[in-house]
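Below is one structure; the comments refer to it alone.
Just so it is clear, the model here is predicted, and its values are computed rather than measured. In each ligand, atom 1 is the first atom listed, and ligand 1 is the first ligand listed. Position 1 is the first residue of the sequence; numbering continues from there.
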Amino acid sequence: MMLFSEHNFHRRRDSIGSIEVICGSMFSGKTEELIRRMKRAQFAKLPVEIFKPEVDIRYGLNEVVSHDSNSIPSTPVAHSSAILLLSSETKVVGIDEAQFFDEELPDVCIQLANRGIRVIVAGLDMDYLGKPFGPIPNLMAIAEEVTKVHAVCVQCGAPANYSYRTQQSDARVLLGEKESYEPRCRSCYFELDTEDPC
Ligand SMILES: Nc1ncnc2c1ncn2[C@@H]1O[C@H](COP(=O)(O)OP(=O)(O)O)[C@@H](O)[C@H]1O
Ligand SMILES: Cc1cn([C@H]2C[C@H](O)[C@@H](COP(=O)(O)O)O2)c(=O)[nH]c1=O
Ligand SMILES: [Zn+2]
């Protein structure tokens, strides 16, 4: 089976660029999907570069690592504009944890795509309060393709699109894993009474 993004990419590989967004809750497979697409590009012998925000130091500075320990080398950057300094040979750019970047990231992605680069951006669409997170909503608006992936709700097993924070903290940015967050579905996130009222 050929996924839409792979088909699209092949057709356009030497012509115009594009922007793809992979979004969802924590543990939904965003990083794995980003790594999968980047590795396919490498198999196609295309020069790739992967970036992540400097703030995300969970697994060290120089690689993107999934919750299943898949990894790919990456470059940490303090501001999205630094991504524009990449090599002129680069054909595919991956960006992980994009929710932590500044609001200039969508414009940076447009500039890259207009140079003919395929840009693949992964990030949380919502913060722990269920609010749209950083530049992700604007990126979704300008992207050619948006993929929303889902985790499994730890409470009931349904598809999960919320990241429920289990630690007491009001800070929007709180790096963490399973000790601080759990993926939940709407019903479990809002603790809705799902009993049939009739
Ligand atoms: N509740 C869960 N639902 C789905 N995957 C989970 C869950 N808890 C742990 N995982 C693991 O997380 C992996 C996805 O990791 P990753 O790609 O890093 O996600 P994300 O970048 O969206 O946080 C899955 O393949 C699975 O092994
Ligand atoms: C919901 C939420 C998450 N974070 C942090 C927690 C993790 O360090 C990353 C998300 O990583 P993942 O690859 O998507 O699992 O973001 C945060 O700082 N604030 C939040 O509201
Ligand atoms: Zn649930």
Compute the shortest N/O to N/O distance between [X] and ligand 2 and return yes if it is under 3.5 Å, no if not.
X: S25; value: no
X: R172; value: yes
X: H67; value: yes
X: L174; value: yes
X: M26; value: no

Calculate the angle formed at the Zn ion (ligand 3) by SG in C153 and SG in C156; 10° precision is enough.
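Vertex at the Zn ion (ligand 3): approximately 110°.
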About how large, to 10 degrees, is the angle SG of C185, then the Zn ion (ligand 3), then SG of C188?
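Taking the Zn ion (ligand 3) as the apex, I get 100° for this pair.
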Using a 3.5 Å distance criterion without hydrogens, assess whether the side chain of [X] forms a donor-acceptor pair with backbone atoms of [Y].
X: S28; Y: S25; result: yes
X: S163; Y: M26; result: yes
X: R36; Y: R40; result: no
X: E54; Y: P76; result: no

With respect to atom 16 (P) of ligand 1, which of E33, M26, H67 exhibits the smallest heavy-atom separation?
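Closest candidate by heavy-atom distance is H67.
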Select the closest option to atom 2 (C) of ligand 2 among Y162, Y181, F27, F100, judged by heavy-atom distance.
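Closest candidate by heavy-atom distance is Y181.
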Suppose we measure from [atom] to each protein heavy atom; which comes out shortest, and what is that distance?
atom: atom 3 (N) of ligand 1; result: V152 N, 2.9 Å
atom: atom 19 (O) of ligand 1; result: G29 N, 3.2 Å
atom: atom 8 (O) of ligand 2; result: G176 N, 3.1 Å
atom: atom 21 (O) of ligand 1; result: T31 OG1, 2.9 Å
atom: atom 21 (O) of ligand 2; result: Y128 N, 2.8 Å
atom: atom 5 (N) of ligand 1; result: F27 O, 3.1 Å
atom: atom 14 (O) of ligand 2; result: K30 NZ, 2.8 Å
atom: atom 20 (P) of ligand 1; result: K30 NZ, 3.5 Å
atom: atom 27 (O) of ligand 1; result: D68 OD1, 2.8 Å
atom: atom 13 (C) of ligand 1; result: E32 OE2, 3.8 Å
atom: atom 11 (O) of ligand 2; result: R58 NH2, 3.2 Å
atom: atom 12 (P) of ligand 2; result: E97 OE2, 3.7 Å

Numbered atoms and elements of ligand 1 in range of S25, under 4.0 angstrom, heavy atoms
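The atoms of ligand 1 under 4.0 Å from a heavy atom of S25 are 22 (O).
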Within a distance under 4.0 Å of any heavy atom of S28, pick out the atoms of ligand 1 and give their elements.
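Those of ligand 1 that fall under 4.0 Å from S28 are 19 (O), 20 (P), 22 (O).
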Strictly below 4.0 Å, N to O, side chains only: are [X] and [Y] in salt-bridge contact?
X: E49; Y: K91; value: no
X: K52; Y: D96; value: no
X: E33; Y: R37; value: yes

Please examine the side chains of [Y] and [X], heavy atoms only from C-beta on, and report whether any two atoms are closer than 4.5 Å.
X: V77; Y: P53; answer: no
X: S18; Y: E145; answer: no
X: Y128; Y: Y164; answer: no
X: E20; Y: V146; answer: no
X: H67; Y: F27; answer: yes
X: I50; Y: P73; answer: no

Aromatic rings F190 and Y162: how do their planes relate, parallel, tilted or perpendicular, breaks at 30° and 60°?
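Rings of F190 and Y162: perpendicular, over 60°.
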Side chain, backbone, both or neither: which part of [X] has a heavy atom under 4.0 Å from ligand 1?
X: K178; value: side chain
X: A160; value: neither
X: P183; value: side chain

Can you tell me if A122 has a non-hydrogen atom under 4.0 Å from ligand 1?
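No heavy atom of A122 comes that close to ligand 1.
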Is the closest heavy-atom distance from E177 to ligand 2 below 4.0 Å?
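It does not; every heavy atom stays at 4.0 Å or beyond.
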Using a 4.0 Å cutoff against the non-hydrogen atoms of L124, which atoms of ligand 2 qualify?
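Once the distances to L124 are compared, the set is 1 (C), 2 (C), 3 (C), 10 (C), 14 (O), 16 (O).
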Suppose I only count heavy atoms of D127 and a 4.0 Å limit; which atoms of ligand 2 are within that range?
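Every atom of ligand 2 under 4.0 Å from some heavy atom of D127: 1 (C), 21 (O).
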Decide side chain to side chain contact (heavy atoms under 4.5 Å, CB included) for E32 and D68; before the verdict, give the C-alpha distance in whole Å, the side-chain angles of both, and the deciding distance to 0.1 Å.
CA-CA 8 Å; E32 282 183 356; D68 255 3; 3.0 Å; yes
Going by atom types only, do [X] and [Y] share a side-chain donor-acceptor pair under 3.5 Å?
X: E182; Y: Q155; answer: yes
X: R118; Y: T90; answer: no
X: S80; Y: D102; answer: yes

Compute the shortest N/O to N/O distance between A151 and ligand 1 and return yes if it is under 3.5 Å, no if not.
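N/O-N/O distance below 3.5 Å does not exist for this pair.
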Which bit of D56 gets closer than 4.0 Å to ligand 2, counting heavy atoms only: side chain, backbone, both or neither?
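It is neither part, as no heavy atom is under 4.0 Å.
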